[in-house]
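Can you keep this structure in mind? I'll have questions shortly.
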Amino acid sequence: MMSKNQATKPGLMALKPGPGQFKLIESGAPELYRDFFPYSEIPRVNFDGHLPAMIPAEEPIITDTTFRDGQQARPPYTVEQIVTIYKFLARLSGPSGLIRKSEFFVFNQKDRQAVDACRDLDLPFPLITAWIRAVSEDLKIVKEMKLSETGILTSISDYHIYLKLGLNRRRACDKYLGLIMEALSYGIAPRCHFEDVTRADIYGMCVPFAQQIKRLSELSKIPIVIRLCDTLGFGVTYPGAALPRSIPKLVRALIDEAGFEGKDLEWHGHNDFHKGFVNATTAWLYGLGAINGSLLGFGERTGNTPIEGLLIEHAALWGKTPGVDYTAITELAKYFEAELNVRIPPNYPLVGRDFNSTSAGIHADGLLKNEEIYNIFDTRKILNKAPTISINDKSGAAGLAHWLNQRLQTTSGEVLDKRHPAVIKMNRAIQKEYENGRVTSMSARELERLARHFLPDKFESQFDHLRYKARELVHDLILEIIKDPIIRSMDPKKQEKLMEKWVTTIPYIQFMYVTDKKGLKTTRNVTSVKEKKRFSGQQDVGSNLSDRVWFVKPMEDGQIHVTDFYTSRFTQALCITVSGPITNDQNEIVGVLGLDIRFDYLANIEAENLETPEVDDL
């Protein structure tokens with residue numbers, strides 16, 4: 001642990017480099033590498049012909065960002081959902097900690113409740129760590145929570161240092177080093193996130209900064225990890241590619257020149273150019289110890305490296321890890337779809353509903369004879385996901401019943417027989433398709449539409465599905481609105497003016513309104529100009545709406561709430577209300593914002609997404 005005096009020593013980057021030390025290069029102007037990144041054109045890959053040696057990591061592991069970067073790409077998880085997902089991560093970690101760490105936000109009360117709830121499970125892995133911005137106030141939260149490690153945002157490219165932070169390299173490094181030393185003085189292990197590293201000056205900024213970090217680690221005897229963040233997915237694996245885009249050269253520079261051991265390096269990549277997965281595993285092969293990913297690849301923009309894929313690739317490169325429960329991959333995918341309403345593309349590798357389903361008739365024939373012909377490995381044994389066959393005119397009622405039982409996961413007492421009336425009717429509808437000239441297999445989507453028609457009691461109701469659609473559609477929008485300073489001001493005139501812009505811009509909002517914390521309506525029903533006549537005389541400012549469920553729920557739990565469908569008393573149309581709490585600067589709830597959405601708009605969206613054969617005349 002470093003002393004307070006050491007932690008406050010300024011200007012460390014101004015110290016004279018020692019033997020073998022690289023000097024920070026301060027050019028006075030940002031280095032934007034226009035020969036790589038012309039911006040008005042597609043980024044280029046340049047080559048220098050040098051081929052670094054491939055020296056694989058000695059102990060390759062995985063770290064998790066499902067609750068940090070992964071949560072930035074979707075509606076936030078509840079505490080209960082985080083606990084459930086964390087348990088899945090523990091099963092996938094195994095007793096040796098293949099998934100070694102998981103990082104959490106710690107900024108608000110819900111974040112901290114989630115951390116405490118996961119710590120209370122007392123599971124050995126993954127270890128719980130934090131992530132903070134490069135500010136002392138955030139670090140104090142980590143100290144108060146008694147967490148042993150935190151990520152610190154240390155943006156490393158001139159794009160971020162000059163254009164975002166308004167600093168130069170030396171000032172940025174001194175700022176980062178000051179916070180790193182403060183963390184060390186608390187006994188907290190820093191994890192330095194080299195943001196945008198694939199657009200950074202590797203030998204003029206990254207290596208000299210990393211060497212100073214290494215010196216602090218040696219002085220304090222606390223291990224410091226550097227996470228290499230390929231923020232925009234610019235990294236490439238091509239032999240002979242030049243820095244800063246070459247992943248092999250980047251990893252070896254931190255090991256061979258900066259003096260870091262591979263076990264103290266992490267890779268965090270994004271998938272902007274469809275290279276996210278291969279970039280990550282290549283970093284392993286050149287000596288980097290940990291790949292940071294998220295479940296199902298959730299992450300900002302194009303997403304992170306999917307952990308489920310990393311687990312399989314790790315087994316391919318180094319063999320299966322004892323104690324890792326690979327069947328949890330299939331279970332967590334089902335949980336995300338059933339409980340979180342996440343729509344995993346059917347053909348998504350390893351977890352998609354149809355990833356090991358063959359659709360071509362000749363392939364289906366081969367699979368029936370020997371599944372190894374068209375299945376990537378024994379998915380039934382390893383993932384608890386049996387291979388499936390798509391349905392065509394040769395499948396018959398028996399094949400169709402088999403498909404339905406797999407899809408519905410029927411138990412022994414619920415198995416659908418080929419003689420079931422619904423199976424017979426559904427098979428007739430399929431045969432009619434082929435009689436009318438169809439030559440391709442029925443897709444899972446088409447079969448599901450038919451199954452919903454003939455076996456409605458076996459599926460989630462369309463109303464429930466559309467409630468989820470409403471939440472998915474407006475969750476991020478209402479979060480943005482309730483955080484707006486004008487909405488938080490609770491000034492009705494200013495709020496109404498802003499809400500008029502929203503209802504004019506967003507077609508599915510019927511109208512918006514605000515109540516105070518007592519449930520008294522403080523604004524009129526704000527609607528678009530063309531709809532104003534329909535709501536004339538229905539402003540009801542001052543009405544007591546404290547008994548409405550859309551008001552009660554956000555006041556109780558501080559979360560976004562979606563109601564059941566109901567008939568609007570103003571328009572007689574079927575509607576749904578989405579509401580959220582309005583808070584002041586002390587995070588106290590001072591009001592509730594409501595949005596009413598028309599059912600017909602949601603239904604039209606869903607109809608466009610479910611274009612399948614008509615069954616009304618069958």
Side-chain angles (χ1 to χ4, degrees), residues 1-25 55 57-61 63 100-101 103 127 129-132 134 136 139 142-143 146-156 169-195 197 200-229 250-268 283 286-290 292:
M1 182 181 297
M2 298 188 70
S3 70
K4 291 284 186 179
N5 290 334
Q6 289 172 316
T8 56
K9 185 176 180 180
L12 184 57
M13 288 307 297
L15 296 177
K16 183 178 179 180
Q21 296 286 308
F22 283 76
K23 183 178 180 180
L24 182 77
I25 297 174
I55 307 173
E58 293 183 5
E59 187 190 0
I61 60 170
T63 63
R100 190 65 49 88
K101 304 172 186 176
E103 61 184 341
L127 303 175
T129 72
W131 178 92
I132 63 171
S136 183
L139 186 58
V142 179
K143 178 187 176 185
K146 295 181 172 56
L147 292 171
S148 61
E149 179 181 316
T150 186
I152 299 175
L153 183 60
T154 53
S155 300
I156 203 75
R169 293 180 183 180
R170 190 171 304 280
R171 289 168 58 201
C173 287
D174 284 340
K175 174 185 177 182
Y176 301 152
L177 290 169
L179 195 66
I180 291 168
M181 289 189 287
E182 184 180 352
L184 294 171
S185 75
Y186 298 147
I188 297 171
R191 185 181 61 248
C192 303
H193 292 213
F194 277 25
E195 189 79 3
V197 71
D201 184 343
I202 304 305
Y203 286 101
M205 174 63 182
C206 296
V207 170
F209 179 43
Q211 287 180 323
Q212 297 294 350
I213 293 173
K214 182 67 174 175
R215 290 169 64 184
L216 292 178
S217 179
E218 293 169 348
L219 181 63
S220 65
K221 295 182 171 34
I222 295 176
I224 299 178
V225 171
I226 289 179
R227 178 180 290 179
L228 304 174
C229 301
L250 176 57
V251 172
R252 294 315 309 177
L254 270 292
I255 295 174
D256 299 333
E257 311 292 358
F260 266 76
E261 295 183 60
K263 67 180 180 63
D264 295 324
L265 295 176
E266 287 191 25
W267 177 264
H268 173 95
Y286 281 85
L288 178 140
N292 184 247

Checklist entry - Would you call Arg100-Glu59 a salt bridge at under 4.0 Å N-O? => result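 Judged by the 4.0 Å cut-off on N to carboxylate O distance, Arg100 and Glu59 do form a salt bridge.
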Next on the checklist: To the nearest 0.5 Å, what is the distance between CD1 on Ile226 and CG on Asp264?
Outcome noted: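 Ile226 atom CD1 to Asp264 atom CG measures 9.0 Å (nearest 0.5 Å).
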Checklist entry - Relative to each other, are the rings of Phe194 and Phe209 parallel, tilted or perpendicular (30° and 60° limits)? => result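 Plane angle under 30°, so parallel.
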Next on the checklist: Treating Glu266 as the side-chain partner and His193 as the backbone partner, does any N or O pair qualify as donor plus acceptor under 3.5 Å?
Outcome noted: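 Pair absent, no side-chain N/O of Glu266 close to backbone of His193.
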Next on the checklist: Any side-chain to backbone donor/acceptor pair from Thr150 onto Pro190? Under 3.5 Å, distance only.
Outcome noted: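 Not a single qualifying donor-acceptor pair exists.
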Next on the checklist: Nearest 0.5 Å, please: how far is CG in Asn292 from CD1 in Ile61?
Outcome noted: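 Reported value, rounded in 0.5 Å steps: 10.5 Å.
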Next on the checklist: As a quick check of understanding, evaluate side chain to side chain contact (heavy atoms under 4.5 Å, CB included) for Leu127 and Glu149, giving each step before the final call.
Outcome noted: CA-CA 9 Å; Leu127 303 175; Glu149 179 181 316; over 6 Å; no
Next on the checklist: If you define the side chain from C-beta out and look only at heavy atoms, does anything of Arg227 sit under 4.5 Å from Thr63?
Outcome noted: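 Sidechains of Thr63 and Arg227: in contact.
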Checklist entry - Where do Trp131 and Leu153 land on the side chain to side chain contact (heavy atoms under 4.5 Å, CB included) test, with the steps shown first? => result CA-CA 8 Å; Trp131 178 92; Leu153 183 60; 4.3 Å; yes
Checklist entry - Once you round to the nearest 0.5 Å, how far does CG of Leu250 lie from CG of Leu228? => result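 Rounded to the nearest 0.5 Å, the CG-CG separation comes out at 5.0 Å.
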Item to check | Any donor-acceptor N/O pair, Ser185 side chain to Glu182 backbone, under 3.5 Å | outcome: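 Side chain of Ser185 to backbone of Glu182, a donor-acceptor pair under 3.5 Å: yes, one is there.
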Checklist entry - So do the side chains of Ile213 and Phe260 get within less than 4.5 Å of each other, counting heavy atoms only? => result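 A side-chain contact under 4.5 Å exists here.
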Checklist entry - Which atom names give the shortest non-hydrogen contact between Ala57 and Gly289, and what distance separates them? => result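 In terms of heavy atoms, the two residues are closest at CB-CA, 4.1 Å.
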Next on the checklist: Evaluate Lys101 against Val225 for side chain to side chain contact (heavy atoms under 4.5 Å, CB included), listing each step before the verdict.
Outcome noted: CA-CA 12 Å; Lys101 304 172 186 176; Val225 171; 4.2 Å; yes
Next on the checklist: Is there a side chain to side chain contact (heavy atoms under 4.5 Å, CB included) between Arg169 and Asp201? Walk through the geometry before answering.
Outcome noted: CA-CA 10 Å; Arg169 293 180 183 180; Asp201 184 343; 3.1 Å; yes
Item to check | Donor-acceptor contact below 3.5 Å, side chain Tyr203 vs main chain Ile25 | outcome: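 A pair under 3.5 Å: no.
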